[in-house]
Amino acid sequence: MKIMLNLFLHSPPHIKSEPENEELYHSPKHKNVKQWSLKVAKKFDFAEDEKFQLFFSYNLSDIKPKKKTKDKKGEVRADGKKKAKKEPEEKWKWWEEERYTDGVKWKFLEHKGPVFAPPYEPLPSNVKFYYDGRPMKLSLEAEEVATFFAKMLDHEYTTKDVFRKNFFKDWRKEMTSEEKAKITDLNKCDFSEMNEYFKAQSEARKAMTKQEKQKIKEENERLLLEYGYCVMDNHRERIANFRIEPPGLFRGRGDHPKMGMLKRRIRPEDIIVNCSKDSEHPKPPPGTKWKEVRHDNKVTWLVSWTENIQGAIKYIMLNPSSRIKGEKDWQKYETARRLKKCVDSLRAQYREDWKSKEMRIRQRAVALYFIDKLALRAGNEKEEGETADTVGCCSLRVEHLNLYPEKDGQEYVVEFDFLGKDSIRYYNKVPVEKRVFKNLQLFMENKQPEDDLFDRLNTTILNKHLQELMDGLTAKVFRTYNASITLQQQLKELTSENVSAKILSYNRANRAVAILCNHQRAPPKTFEKSMQNLQTKIDAKKEQLADAKRELKSAKADAKVRRDEKSKKAVETKKKAVQRIEEQLMKLEVQATDREENKQIALGTSKLNYLDPRISVAWCKKWGIPVEKIYNKTQREKFAWAIDMADEDFEF
DNA sequence: TGGTCAACTTAGTATTCAGACT
DNA sequence: AGTCTGAATACTAAGTTGACCA
């Protein structure tokens, strides 16, 4: 199994040092061997995953069950013979294999560990920091933190009080006692020279020659090849995030009390490595140690560390295309489909519960109604002052809704206005059933605006209840279910004739879901401009159309006078031209509509996380639309299981 | 019963890339 | 070839859920 690596380890011929100024901070050990073996690989044009094998102790083709026998690696390479071009290797269909049942996530796991952030590079001496108008040389530690702030100067974050306060407090912790004594007021700090330096740097980066850019690209590819994959149970799998988050200033979303705090640098001593006992364990950089190496095959992560802002654990895990993520995703949609089967009786049940004598049951039932009807999130309690003040269903407060017995010609209207996940505003006016309305009035009676709406309910209680109604049912299943069923229904309703119109319909259906789930985005910075460009195009096209019509008219007149074949033909040609231009115009207008409607709506999140991909795949197959029109490469990789297994009859 | 922690999914935004346009 | 733009990807914050413990 370890043939390859050993072979190379024993006989590296003159190990030419790698090109200078290469950023090899991440792969300090063995680099020459790897460097060399990579060169060999390139020279001989080995297939990609053969290159990959150079880095691992594990020889995939020895164990891959389905692969036809290939020649033994060792021999081929030993004599340096060029291999036949790899035939496109068939993709592993994990969805056709048996799954683990007992909570075991894998039997074998080998990887190379994380890639650390590059070390801090001190500023050149001509780039100065000024305090109170006078230049001041900072210690390395203080300087590094100062650069984090300097880089953000153009961002409005740095104008916020909380951000500045948190930053300054953490910055001072990094200062020497002299610096601390001197630097007492952030307002007297002048980072502008540093800021300009970084701007110049990024300009310089943009202005690099092709060659230089190419070199960086190649280095990144090499890094990806070595650190970007692991071996899990006989298969090479892509890792999602193999780089450790670099230090910097914490940027929370919304009104976050911790914005501006220093996110500290992660060292090997902070890292817990998870892999199998019998794998080749990743090595920490020379002179360092891992915090711990464990072998827990009941979890999916490869590396973890504790972050210092919230004390949360961060993980390195696999890509969505991996078996371990794919199975879970598939399972999620199967749970949602089971909900479909029982949702009617479940709805009947909570409607009954609106009448319950018990307050807790009424609250539970009304909350569930919101989760079902409005696709609200569960809404866990959060620690006050630790995070932005956001809520979900169970954590709604009285101040987040207004009740209108009658509004805009509708009865029993509830107006929601609150900040949800990521501090995205949820605003909605919905007519509800009378019983719900009465219940809400009751829940809000004698309460202050900042009191909980559902004071007898939390997510634990709700999910316990749901679990009793259906195995595997939790609040978030409703979001998945409602999103997917909405897509399916909309696709049935909206579909139209030609391909581009169909794709517009698909986007519309997708958009209906995004609106349901309140997936918003900031309007792109270039939005107005790009709309304008499109409008210019449309105007030009209109003019072109007018011209074409004029020409057609005169051709007709001409034909009337001349009455010969040639002029008749000319009329036909002009007619065609008008038609063609009309179509083009329509297409542009459709595009403009699509874009306008999408201004503040993000389709990606629902597409990636809520819509059963089999619905989309089935739709594509039914209408002969290439799946590439709907899913890009990454998405096709993530949804490979669905693309392979769904036929046009698939019903969610 | 409530609090904490761990593990995992979901989320918007910043950055990079690629290809259309000039 | 250089620039501009939208799409793809990278990044990492912010949720949900369930287990465990007192």
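None of these values were measured; they are calculated from a predicted model.
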Peer 1: Please give me every residue in residues 264-275 of chain A whose heavy atoms get under 4.0 Å of an atom in DNA chain C, ordered by residue number.
Peer 2: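 Heavy-atom contacts with DNA chain C come from no residue of residues 264-275 of chain A; none.
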
Peer 1: Compute the centroid of each ring, for A:H111 and then for A:Y229, and state whether the two points are separated by less than 6.0 Å.
Peer 2: no

Peer 1: Can you list, in residue-number order, the parts of residues 310-328 of chain A that come under 4.0 Å of DNA chain B, counting heavy atoms only?
Peer 2: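 A:I313, A:Y315, A:M317, A:K325, A:K328, in order of number.
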
Peer 1: Reading DNA chain B from 5' onward, which residue's closest nucleotide shows up sooner: A:D422 or A:Y157?
Peer 2: A:D422

Peer 1: Do the side chains of A:R337 and A:E334 get close enough for a salt bridge, i.e. N-O under 4.0 angstrom?
Peer 2: yes

Peer 1: State whether A:R397 and A:D452 are salt-bridged, where the test is any N-O pair (Lys NZ or Arg NE/NH1/NH2 against Asp/Glu carboxylate O) under 4.0 Å.
Peer 2: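 No, no charged N to carboxylate O under 4.0 Å.
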
Peer 1: According to the interplanar angle, ranging from 0 to 90°, do the rings of A:Y315 and A:W301 count as parallel (below 30°), tilted (30 to 60°) or perpendicular (above 60°)?
Peer 2: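 Rings of A:Y315 and A:W301: tilted, as their planes differ by 30° to 60°.
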
Peer 1: Kindly state which residues belonging to residues 470-480 of chain A come within less than 4.0 angstrom of DNA chain C, counting heavy atoms of the residue only, listed by number.
Peer 2: A:T474, A:A475, A:K476

Peer 1: Sequence neighbours excluded, which residues qualify as salt bridge (Lys or Arg N to Asp or Glu O under 4.0 Å) partners of A:R456?
Peer 2: none

Peer 1: Determine the interplanar angle of the A:F370 and A:F416 rings, folded into 0 to 90°, and report it as parallel if under 30°, tilted if 30 to 60°, perpendicular if over 60°.
Peer 2: perpendicular

Peer 1: Give the nucleotide from the list B:dA18, B:dC8, C:dC11 with an atom nearest to the side chain of A:K105.
Peer 2: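 So the nucleotide nearest the side chain must be B:dC8.
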
Peer 1: Can you check nucleotides 19-22 of chain B for protein contacts, nitrogen or oxygen pairs under 3.5 Å, and list what you find?
Peer 2:
none

Peer 1: Near DNA chain C, which residues from residues 359-389 of chain A have a heavy atom under 4.0 Å away?
Peer 2: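 Of all residues in residues 359-389 of chain A, the ones placing a heavy atom under 4.0 Å from DNA chain C are A:R377, A:A378, A:G379, A:N380, A:K382.
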
